[in-house]
Amino acid sequence: MSGIMEHPTIVQADKHPALIVRSAEPFNAGPPPGLLSRSWQTPTELFFVRNHGTVPAIDPDAYRLTVRGRIERPLSLSLDDLRHTFPQRRVTAALQCAGNRRQEMLAVRDIPNELPWDLEAISQAEWAGVSLSQVLEYAGIGAGAAHVAFTGLDEVERRGRRFGFGASIPLAKALAPEVLLAYEMNGEPLTALHGAPLRLVVPGYIGARSVKWLGEIAVQARPSDNYFQAVAYRHFPPEVDATTAVEDEGVMLDELFVSATICAPSDGEVLPGGPATIRGYAVGHGGSPLARVELSGDGGQSWTAATLLGEQRVWAWQLWEATITLRPGAQTIIARATDCRGHTQPADVRQTWNYKGYMNNAWHQVEVQVGE
Ligand code: MTE
(Lines give C-alpha, C1' and ligand atoms only; values in the text may rest on other atoms or scores of the structure.)
Protein backbone atom coordinates (compact mmCIF):
# COMPACT_ATOMS: atom_id res chain seq x y z
CA MET A 1 0.00 0.00 0.00
CA SER A 2 1.10 3.57 -0.54
CA GLY A 3 1.99 6.08 2.14
CA ILE A 4 4.55 4.07 4.16
CA MET A 5 8.02 5.40 4.86
CA GLU A 6 10.70 4.63 7.37
CA HIS A 7 9.94 6.83 10.36
CA PRO A 8 12.10 9.93 9.91
CA THR A 9 11.82 11.30 13.44
CA ILE A 10 12.78 10.04 16.87
CA VAL A 11 9.40 8.58 17.72
CA GLN A 12 10.17 7.86 21.36
CA ALA A 13 10.55 11.57 22.09
CA ASP A 14 7.04 11.58 23.58
CA LYS A 15 7.98 8.89 26.11
CA HIS A 16 8.79 9.47 29.79
CA PRO A 17 12.55 9.76 30.45
CA ALA A 18 12.31 7.31 33.38
CA LEU A 19 11.30 4.34 31.17
CA ILE A 20 13.48 1.25 31.58
CA VAL A 21 14.84 0.65 28.07
CA ARG A 22 15.35 -3.08 27.36
CA SER A 23 16.52 -2.48 23.77
CA ALA A 24 17.05 0.76 21.88
CA GLU A 25 16.62 -0.66 18.35
CA PRO A 26 13.96 -1.92 18.03
CA PHE A 27 12.67 0.24 20.87
CA ASN A 28 11.46 -1.84 23.83
CA ALA A 29 10.80 -0.16 27.16
CA GLY A 30 8.50 -0.04 30.15
CA PRO A 31 7.83 2.14 33.19
CA PRO A 32 9.61 1.75 36.54
CA PRO A 33 7.36 -0.30 38.87
CA GLY A 34 6.79 2.59 41.31
CA LEU A 35 5.25 4.71 38.53
CA LEU A 36 3.41 1.77 36.94
CA SER A 37 1.30 1.02 40.02
CA ARG A 38 0.43 4.69 40.59
CA SER A 39 -2.46 4.95 38.13
CA TRP A 40 -5.20 2.57 36.99
CA GLN A 41 -5.01 4.09 33.51
CA THR A 42 -1.37 4.26 32.46
CA PRO A 43 -0.46 7.66 30.97
CA THR A 44 0.58 7.11 27.34
CA GLU A 45 4.08 8.50 28.00
CA LEU A 46 4.58 5.67 30.53
CA PHE A 47 2.83 2.88 28.60
CA PHE A 48 5.25 0.03 27.82
CA VAL A 49 6.40 -0.49 24.22
CA ARG A 50 7.13 -3.83 22.54
CA ASN A 51 8.44 -3.66 18.98
CA HIS A 52 9.98 -6.45 16.90
CA GLY A 53 11.01 -4.30 13.94
CA THR A 54 10.58 -0.86 12.38
CA VAL A 55 8.12 1.82 13.48
CA PRO A 56 6.49 2.69 10.13
CA ALA A 57 5.41 6.26 9.40
CA ILE A 58 2.03 5.91 7.73
CA ASP A 59 0.24 8.77 5.97
CA PRO A 60 -3.27 8.62 7.51
CA ASP A 61 -4.87 10.06 4.35
CA ALA A 62 -3.38 7.39 2.10
CA TYR A 63 -4.00 4.62 4.63
CA ARG A 64 -6.32 1.74 3.67
CA LEU A 65 -7.22 -1.32 5.71
CA THR A 66 -7.65 -4.41 3.52
CA VAL A 67 -10.17 -7.07 4.58
CA ARG A 68 -10.05 -10.28 2.51
CA GLY A 69 -10.28 -14.07 2.66
CA ARG A 70 -13.37 -16.12 3.53
CA ILE A 71 -15.76 -13.18 3.37
CA GLU A 72 -18.57 -12.23 1.03
CA ARG A 73 -17.31 -8.72 0.25
CA PRO A 74 -13.59 -7.80 0.17
CA LEU A 75 -13.05 -4.33 1.66
CA SER A 76 -10.55 -1.53 1.43
CA LEU A 77 -11.38 0.96 4.18
CA SER A 78 -9.98 4.42 4.86
CA LEU A 79 -9.88 5.82 8.38
CA ASP A 80 -12.88 7.98 7.50
CA ASP A 81 -14.79 4.91 6.24
CA LEU A 82 -14.17 3.22 9.60
CA ARG A 83 -15.19 6.27 11.63
CA HIS A 84 -18.32 7.01 9.60
CA THR A 85 -19.62 3.50 8.90
CA PHE A 86 -19.32 2.00 12.38
CA PRO A 87 -20.18 3.32 15.85
CA GLN A 88 -17.32 4.23 18.17
CA ARG A 89 -16.66 1.87 21.03
CA ARG A 90 -14.45 2.41 24.10
CA VAL A 91 -12.85 -0.38 26.14
CA THR A 92 -10.47 -0.05 29.08
CA ALA A 93 -8.11 -2.99 28.88
CA ALA A 94 -4.72 -4.02 30.19
CA LEU A 95 -2.15 -5.08 27.62
CA GLN A 96 0.46 -7.52 28.88
CA CYS A 97 3.35 -8.98 26.93
CA ALA A 98 3.74 -12.77 27.20
CA GLY A 99 7.35 -12.06 28.23
CA ASN A 100 6.43 -10.00 31.29
CA ARG A 101 8.36 -11.22 34.39
CA ARG A 102 10.79 -13.25 32.27
CA GLN A 103 13.64 -11.95 34.42
CA GLU A 104 12.67 -14.22 37.33
CA MET A 105 12.88 -17.21 34.98
CA LEU A 106 16.48 -16.31 34.08
CA ALA A 107 17.48 -17.23 37.62
CA VAL A 108 16.33 -20.82 36.95
CA ARG A 109 18.04 -21.29 33.56
CA ASP A 110 19.23 -18.90 30.87
CA ILE A 111 16.83 -17.81 28.09
CA PRO A 112 19.01 -16.49 25.26
CA ASN A 113 17.86 -13.93 22.67
CA GLU A 114 14.79 -12.74 24.58
CA LEU A 115 14.27 -9.44 26.41
CA PRO A 116 14.85 -9.65 30.18
CA TRP A 117 11.58 -7.94 31.14
CA ASP A 118 11.07 -7.54 34.87
CA LEU A 119 7.49 -6.55 35.76
CA GLU A 120 7.09 -3.56 33.45
CA ALA A 121 5.80 -5.22 30.24
CA ILE A 122 2.20 -4.39 31.12
CA SER A 123 0.08 -1.22 31.09
CA GLN A 124 -3.55 -0.24 30.82
CA ALA A 125 -5.30 2.26 28.56
CA GLU A 126 -8.73 3.32 27.46
CA TRP A 127 -8.89 2.34 23.79
CA ALA A 128 -11.38 3.80 21.31
CA GLY A 129 -12.19 2.59 17.83
CA VAL A 130 -14.68 0.28 16.18
CA SER A 131 -15.59 -3.30 17.05
CA LEU A 132 -13.81 -5.76 14.77
CA SER A 133 -17.02 -7.84 14.82
CA GLN A 134 -18.98 -5.06 13.11
CA VAL A 135 -16.42 -4.79 10.31
CA LEU A 136 -16.44 -8.57 9.85
CA GLU A 137 -20.24 -8.68 9.80
CA TYR A 138 -20.25 -5.85 7.24
CA ALA A 139 -17.85 -7.90 5.07
CA GLY A 140 -20.01 -11.02 5.60
CA ILE A 141 -18.38 -14.11 7.10
CA GLY A 142 -18.01 -16.83 4.46
CA ALA A 143 -18.04 -20.63 4.60
CA GLY A 144 -15.15 -22.35 6.38
CA ALA A 145 -14.08 -19.28 8.37
CA ALA A 146 -12.51 -20.24 11.70
CA HIS A 147 -9.65 -17.78 12.37
CA VAL A 148 -8.99 -14.12 11.67
CA ALA A 149 -5.41 -13.17 10.79
CA PHE A 150 -3.82 -9.71 11.04
CA THR A 151 -0.68 -8.30 9.45
CA GLY A 152 1.15 -5.12 10.43
CA LEU A 153 2.81 -2.61 8.12
CA ASP A 154 6.10 -2.75 10.04
CA GLU A 155 9.10 -4.71 8.81
CA VAL A 156 10.56 -7.50 10.91
CA GLU A 157 13.44 -9.78 9.95
CA ARG A 158 13.44 -13.44 11.00
CA ARG A 159 15.10 -16.48 9.44
CA GLY A 160 16.46 -14.39 6.56
CA ARG A 161 13.05 -13.02 5.54
CA ARG A 162 11.54 -9.56 5.97
CA PHE A 163 7.80 -9.32 6.62
CA GLY A 164 5.14 -7.54 8.67
CA PHE A 165 4.47 -8.74 12.23
CA GLY A 166 1.34 -10.89 12.29
CA ALA A 167 -1.03 -12.86 14.49
CA SER A 168 -4.43 -14.51 14.45
CA ILE A 169 -7.28 -15.11 16.85
CA PRO A 170 -10.10 -17.66 16.69
CA LEU A 171 -13.25 -16.38 14.90
CA ALA A 172 -15.29 -16.64 18.13
CA LYS A 173 -12.97 -14.14 19.87
CA ALA A 174 -12.86 -11.93 16.75
CA LEU A 175 -16.66 -11.65 16.93
CA ALA A 176 -16.65 -10.69 20.62
CA PRO A 177 -17.59 -7.01 21.10
CA GLU A 178 -14.51 -6.08 23.15
CA VAL A 179 -12.04 -6.69 20.31
CA LEU A 180 -11.32 -3.28 18.78
CA LEU A 181 -9.77 -1.74 15.72
CA ALA A 182 -8.46 1.17 17.77
CA TYR A 183 -7.52 4.62 16.53
CA GLU A 184 -7.39 6.30 19.96
CA MET A 185 -5.58 5.58 23.21
CA ASN A 186 -6.38 7.47 26.43
CA GLY A 187 -8.57 9.96 24.54
CA GLU A 188 -5.85 10.96 22.03
CA PRO A 189 -5.05 9.71 18.53
CA LEU A 190 -2.80 6.63 18.66
CA THR A 191 0.90 7.52 18.63
CA ALA A 192 3.38 6.05 16.15
CA LEU A 193 4.97 3.79 18.78
CA HIS A 194 1.61 2.30 19.74
CA GLY A 195 0.46 1.51 16.20
CA ALA A 196 -0.88 4.65 14.48
CA PRO A 197 -3.07 5.07 12.62
CA LEU A 198 -4.89 1.81 13.49
CA ARG A 199 -4.16 -1.19 15.71
CA LEU A 200 -5.96 -4.24 16.92
CA VAL A 201 -6.67 -4.52 20.67
CA VAL A 202 -7.57 -8.01 21.90
CA PRO A 203 -8.52 -7.65 25.58
CA GLY A 204 -7.67 -10.69 27.71
CA TYR A 205 -5.12 -12.10 25.23
CA ILE A 206 -1.32 -11.77 25.26
CA GLY A 207 -0.13 -8.44 23.84
CA ALA A 208 1.37 -10.14 20.77
CA ARG A 209 -2.12 -10.63 19.33
CA SER A 210 -2.85 -6.87 19.41
CA VAL A 211 -1.22 -6.13 16.05
CA LYS A 212 -0.03 -2.53 15.59
CA TRP A 213 0.07 -0.55 12.30
CA LEU A 214 -2.66 -2.88 11.03
CA GLY A 215 -2.56 -3.27 7.24
CA GLU A 216 -4.57 -6.38 6.50
CA ILE A 217 -7.24 -8.62 7.99
CA ALA A 218 -7.74 -12.08 6.47
CA VAL A 219 -10.56 -14.41 7.44
CA GLN A 220 -9.34 -17.96 7.01
CA ALA A 221 -9.77 -21.62 7.94
CA ARG A 222 -6.50 -21.94 9.86
CA PRO A 223 -4.41 -19.81 12.24
CA SER A 224 -1.95 -17.36 10.69
CA ASP A 225 1.28 -18.82 9.31
CA ASN A 226 3.11 -15.62 10.29
CA TYR A 227 6.29 -16.41 12.29
CA PHE A 228 4.87 -14.70 15.39
CA GLN A 229 1.81 -16.96 15.43
CA ALA A 230 3.17 -20.18 13.92
CA VAL A 231 6.62 -20.28 15.59
CA ALA A 232 7.06 -17.67 18.34
CA TYR A 233 4.61 -17.21 21.23
CA ARG A 234 4.15 -20.94 21.71
CA HIS A 235 4.20 -22.41 25.20
CA PHE A 236 6.26 -25.49 26.11
CA PRO A 237 6.61 -27.44 29.38
CA PRO A 238 9.66 -26.78 31.62
CA GLU A 239 11.49 -29.95 30.57
CA VAL A 240 11.66 -28.88 26.90
CA ASP A 241 14.60 -26.71 25.80
CA ALA A 242 15.76 -25.12 22.56
CA THR A 243 17.48 -28.34 21.47
CA THR A 244 14.50 -30.65 22.09
CA ALA A 245 11.55 -28.39 21.20
CA VAL A 246 9.40 -29.48 18.25
CA GLU A 247 7.99 -26.11 17.11
CA ASP A 248 4.53 -27.37 16.16
CA GLU A 249 4.04 -29.06 19.53
CA GLY A 250 4.05 -25.84 21.53
CA VAL A 251 0.66 -24.41 22.44
CA MET A 252 -0.23 -21.17 20.61
CA LEU A 253 -0.70 -18.66 23.40
CA ASP A 254 -3.87 -16.66 23.62
CA GLU A 255 -5.50 -15.94 27.03
CA LEU A 256 -3.44 -14.26 29.77
CA PHE A 257 -2.69 -16.23 32.94
CA VAL A 258 -3.81 -14.96 36.36
CA SER A 259 -1.09 -13.24 38.41
CA ALA A 260 -0.42 -10.65 41.10
CA THR A 261 2.77 -8.61 41.04
CA ILE A 262 4.41 -6.52 43.76
CA CYS A 263 5.52 -3.10 42.45
CA ALA A 264 6.55 -1.57 45.80
CA PRO A 265 8.71 -2.21 47.69
CA SER A 266 11.20 -3.46 45.11
CA ASP A 267 13.42 -6.49 45.48
CA GLY A 268 16.44 -5.68 47.69
CA GLU A 269 14.92 -2.46 49.12
CA VAL A 270 15.99 -1.47 52.66
CA LEU A 271 13.02 -0.57 54.89
CA PRO A 272 12.48 0.33 58.55
CA GLY A 273 10.76 -2.23 60.78
CA GLY A 274 7.02 -1.97 61.54
CA PRO A 275 4.04 -1.56 59.24
CA ALA A 276 4.84 -1.26 55.53
CA THR A 277 2.52 -0.62 52.59
CA ILE A 278 2.84 -3.13 49.77
CA ARG A 279 1.43 -2.16 46.34
CA GLY A 280 1.00 -3.86 43.03
CA TYR A 281 -1.18 -4.94 40.15
CA ALA A 282 -3.02 -8.15 39.26
CA VAL A 283 -4.64 -9.60 36.15
CA GLY A 284 -7.16 -12.42 35.84
CA HIS A 285 -7.04 -15.36 33.43
CA GLY A 286 -8.18 -14.18 30.01
CA GLY A 287 -9.04 -10.74 31.40
CA SER A 288 -11.46 -12.07 34.02
CA PRO A 289 -12.02 -9.80 37.08
CA LEU A 290 -10.00 -10.55 40.24
CA ALA A 291 -11.61 -12.19 43.27
CA ARG A 292 -8.72 -11.63 45.68
CA VAL A 293 -5.03 -10.84 46.10
CA GLU A 294 -3.21 -12.20 49.14
CA LEU A 295 0.20 -11.55 50.67
CA SER A 296 2.42 -13.73 52.78
CA GLY A 297 5.40 -12.69 54.88
CA ASP A 298 6.20 -16.23 56.07
CA GLY A 299 6.95 -18.18 52.91
CA GLY A 300 3.32 -18.99 52.12
CA GLN A 301 2.25 -20.48 55.50
CA SER A 302 -0.26 -17.72 56.19
CA TRP A 303 -1.86 -15.15 53.92
CA THR A 304 -3.34 -11.66 54.43
CA ALA A 305 -5.95 -10.28 52.03
CA ALA A 306 -4.91 -7.12 50.15
CA THR A 307 -7.41 -4.33 49.50
CA LEU A 308 -8.51 -4.31 45.86
CA LEU A 309 -8.58 -0.70 44.70
CA GLY A 310 -11.34 0.58 42.41
CA GLU A 311 -13.82 -1.56 40.53
CA GLN A 312 -13.42 -5.24 39.68
CA ARG A 313 -13.77 -5.08 35.89
CA VAL A 314 -13.43 -7.54 33.07
CA TRP A 315 -10.45 -6.82 30.74
CA ALA A 316 -8.93 -4.41 33.28
CA TRP A 317 -6.10 -4.99 35.70
CA GLN A 318 -6.66 -4.46 39.40
CA LEU A 319 -4.41 -2.31 41.53
CA TRP A 320 -4.15 -3.41 45.17
CA GLU A 321 -2.43 -2.54 48.43
CA ALA A 322 -1.88 -4.11 51.82
CA THR A 323 -0.10 -3.29 55.05
CA ILE A 324 2.11 -5.91 56.60
CA THR A 325 4.37 -5.72 59.63
CA LEU A 326 8.07 -6.13 58.90
CA ARG A 327 10.49 -7.62 61.43
CA PRO A 328 14.25 -6.87 61.46
CA GLY A 329 16.40 -8.90 59.06
CA ALA A 330 15.83 -10.24 55.56
CA GLN A 331 12.16 -10.78 54.80
CA THR A 332 10.47 -12.24 51.74
CA ILE A 333 7.05 -10.94 50.75
CA ILE A 334 4.95 -13.09 48.40
CA ALA A 335 1.83 -12.12 46.43
CA ARG A 336 -0.75 -14.34 44.76
CA ALA A 337 -4.10 -13.73 43.05
CA THR A 338 -7.29 -15.68 42.45
CA ASP A 339 -9.69 -14.54 39.74
CA CYS A 340 -13.48 -14.72 39.59
CA ARG A 341 -13.31 -17.90 37.49
CA GLY A 342 -11.32 -19.60 40.28
CA HIS A 343 -7.94 -19.61 38.54
CA THR A 344 -4.94 -19.21 40.81
CA GLN A 345 -1.16 -19.29 40.46
CA PRO A 346 1.59 -21.92 40.67
CA ALA A 347 3.93 -21.34 43.62
CA ASP A 348 7.33 -21.78 42.04
CA VAL A 349 9.02 -20.29 38.99
CA ARG A 350 10.54 -23.73 38.27
CA GLN A 351 6.98 -24.82 37.42
CA THR A 352 6.44 -21.94 34.99
CA TRP A 353 9.91 -21.91 33.34
CA ASN A 354 9.86 -22.51 29.59
CA TYR A 355 12.67 -22.04 27.12
CA LYS A 356 11.13 -18.94 25.49
CA GLY A 357 10.33 -17.38 28.85
CA TYR A 358 6.60 -16.75 28.37
CA MET A 359 3.70 -16.44 30.84
CA ASN A 360 5.54 -16.42 34.14
CA ASN A 361 2.73 -16.38 36.68
CA ALA A 362 4.50 -18.04 39.62
CA TRP A 363 3.88 -16.37 43.01
CA HIS A 364 5.72 -13.05 42.85
CA GLN A 365 8.31 -12.53 45.61
CA VAL A 366 10.45 -9.61 46.76
CA GLU A 367 13.10 -9.80 49.45
CA VAL A 368 13.50 -6.68 51.58
CA GLN A 369 16.14 -5.85 54.22
CA VAL A 370 14.46 -4.59 57.37
CA GLY A 371 16.33 -2.38 59.86
CA GLU A 372 15.70 -2.19 63.63
N1 MTE B 1 2.38 -5.29 16.20
C2 MTE B 1 3.32 -5.11 15.26
N3 MTE B 1 2.93 -4.76 14.02
N4 MTE B 1 4.64 -5.27 15.53
C5 MTE B 1 5.08 -5.66 16.79
O6 MTE B 1 6.29 -5.79 17.00
N7 MTE B 1 4.41 -6.31 19.06
C8 MTE B 1 3.35 -7.02 19.76
C9 MTE B 1 2.04 -6.24 19.70
N10 MTE B 1 1.76 -5.81 18.36
C11 MTE B 1 4.09 -5.89 17.78
C12 MTE B 1 2.74 -5.65 17.45
C13 MTE B 1 3.63 -7.29 21.16
S14 MTE B 1 4.62 -8.65 21.47
C15 MTE B 1 3.07 -6.59 22.19
S16 MTE B 1 3.30 -7.07 23.79
C17 MTE B 1 2.23 -5.42 21.93
O18 MTE B 1 2.16 -5.11 20.54
C19 MTE B 1 2.78 -4.20 22.65
O20 MTE B 1 2.01 -3.08 22.37
P21 MTE B 1 2.54 -1.64 22.81
O22 MTE B 1 3.89 -1.45 22.20
O23 MTE B 1 1.52 -0.67 22.36
O24 MTE B 1 2.65 -1.70 24.32
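Remember, it's a predicted structure, so these values are computed and weren't measured experimentally. Just so you know, these numbers use all the heavy atoms, side chains as well, and skip hydrogens, waters and symmetry mates. The first residue of the sequence shown is numbered 1, and numbering continues consecutively from there. First listed ligand is number 1; within each ligand, the first listed atom is number 1.
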Q: With a sphere of 6.0 Å drawn around CG of D225, does it hold more than 12 non-hydrogen atoms of other residues, nucleotides or ligands?
A: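 Atom CG in D225 is not packed in, count stays at 12 or less.
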Q: State plainly whether the residues R90 and E184 are in salt-bridge range, i.e. N to O under 4.0 Å.
A: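 Looking at E184 together with R90, the answer is yes, because their closest N to O distance falls below 4.0 Å.
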Q: With a 4.5 Å cut-off on side-chain heavy atoms, are V293 and Q318 touching?
A: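 Q318 does not reach V293 side chain to side chain.
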Q: Salt bridge check: are R336 and E294 linked by an N-O gap of less than 4.0 Å?
A: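 Salt bridge present between R336 and E294.
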Q: My understanding is that we take every heavy atom of each candidate and find the minimum distance to atom 4 (N) of ligand 1. Doing that for D154, L190, I122, T42, which one comes out nearest?
A: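 Closest candidate by heavy-atom distance is D154.
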Q: One residue to check: F48. Relative to ligand 1, which of side chain, backbone, both or neither has a non-hydrogen atom less than 4.0 Å away?
A: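 For F48, the contact with ligand 1 is made by both the backbone and the side chain.
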Q: Would you call the rings of F163 and Y227 parallel, tilted or perpendicular if under 30° counts as parallel and over 60° as perpendicular?
A: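 Answer is tilted, since the angle falls between 30° and 60°.
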Q: Quick check on contacts: which atoms of ligand 1 are under 4.0 angstrom from a heavy atom of W213?
A: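 Once the distances to W213 are compared, the set is 2 (C), 3 (N), 4 (N).
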Q: Is F47 touching ligand 1 with its side chain, its backbone, both, or neither, if touching means heavy atoms under 4.0 Å apart?
A: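 F47 to ligand 1: side-chain contact only, backbone stays beyond 4.0 Å.
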Q: Among Q96, E155, R209, K212, which residue places a heavy atom closest to atom 21 (P) of ligand 1?
A: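 Answer by nearest heavy atom: K212.
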Q: With heavy atoms only and a cut-off of under 4.0 Å, state how L153 meets ligand 1: side chain, backbone, both or neither.
A: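 Near ligand 1, L153 shows nothing, with every heavy atom at 4.0 Å or more.
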Q: For N51, is at least one N or O under 3.5 Å away from an N or O on ligand 1?
A: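 For ligand 1, there is no N or O atom that lies under 3.5 Å from one belonging to N51.
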Q: In terms of ring plane angle, is the pair F47 and W127 parallel, tilted or perpendicular, where the classes change at 30° and 60°?
A: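 Perpendicular, since the angle between the ring planes exceeds 60°.
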Q: What I want to find out is whether E216 reaches R64 closely enough, with some N-O distance under 4.0 Å, to be called a salt bridge.
A: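 Salt bridge absent between E216 and R64.
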Q: Does ligand 1 have a heavy atom under 4.0 Å from the side chain of R199, from its backbone, from both, or from neither?
A: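 Just the side chain.
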Q: Applying a heavy-atom cut-off of 4.0 Å, say which part of A98 lies close to ligand 1: side chain, backbone, both or neither.
A: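 Neither part.
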Q: Atoms of ligand 1 less than 4.0 Å from L95 heavy atoms?
A: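 Listed by number with element: 20 (O), 24 (O).
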Q: Considering only non-hydrogen protein atoms, determine which one is nearest to atom 9 (C) of ligand 1 and report residue, atom name and distance to 0.1 Å.
A: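 Answer for atom 9 (C) of ligand 1: G207 O, 3.3 Å.
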Q: Return yes when atom CZ of R350 has more than 12 non-hydrogen atoms of other residues, nucleotides or ligands closer than 6.0 Å, and no otherwise.
A: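 No, not enclosed.
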Q: Among all the protein's non-hydrogen atoms, which is closest to atom 19 (C) of ligand 1, and how far away is it?
A: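 Checked against all protein heavy atoms, atom 19 (C) of ligand 1 sits closest to R50 CB, 3.7 Å.
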Q: Could you list the atoms of ligand 1 found under 4.0 angstrom from a heavy atom of S210?
A: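 In order of numbering, the contacting atoms are 9 (C), 10 (N), 18 (O).
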Q: Can you list the ligand 1 atoms lying under 4.0 Å from a non-hydrogen atom of Y233?
A: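 Those atoms are 14 (S).
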Q: Start with the C-alpha distance between I333 and I278, add both sets of side-chain angles, then the distance that settles side chain to side chain contact (heavy atoms under 4.5 Å, CB included), and finish with yes or no.
A: CA-CA 9 Å; I333 305 163; I278 319 295; 3.8 Å; yes
Q: So, are E104 and R109 salt-bridged, with charged N and O less than 4.0 Å apart?
A: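 Salt bridge absent between E104 and R109.
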Q: Can you list the atoms of ligand 1 that are under 4.0 Å from a heavy atom of C97?
A: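 Reading through ligand 1 atom by atom, the close ones are 16 (S).
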Q: Counting each atom of ligand 1 from 1 as listed, which ones have a heavy atom of V49 under 4.0 Å away?
A: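 Those of ligand 1 that fall under 4.0 Å from V49 are 22 (O), 24 (O).
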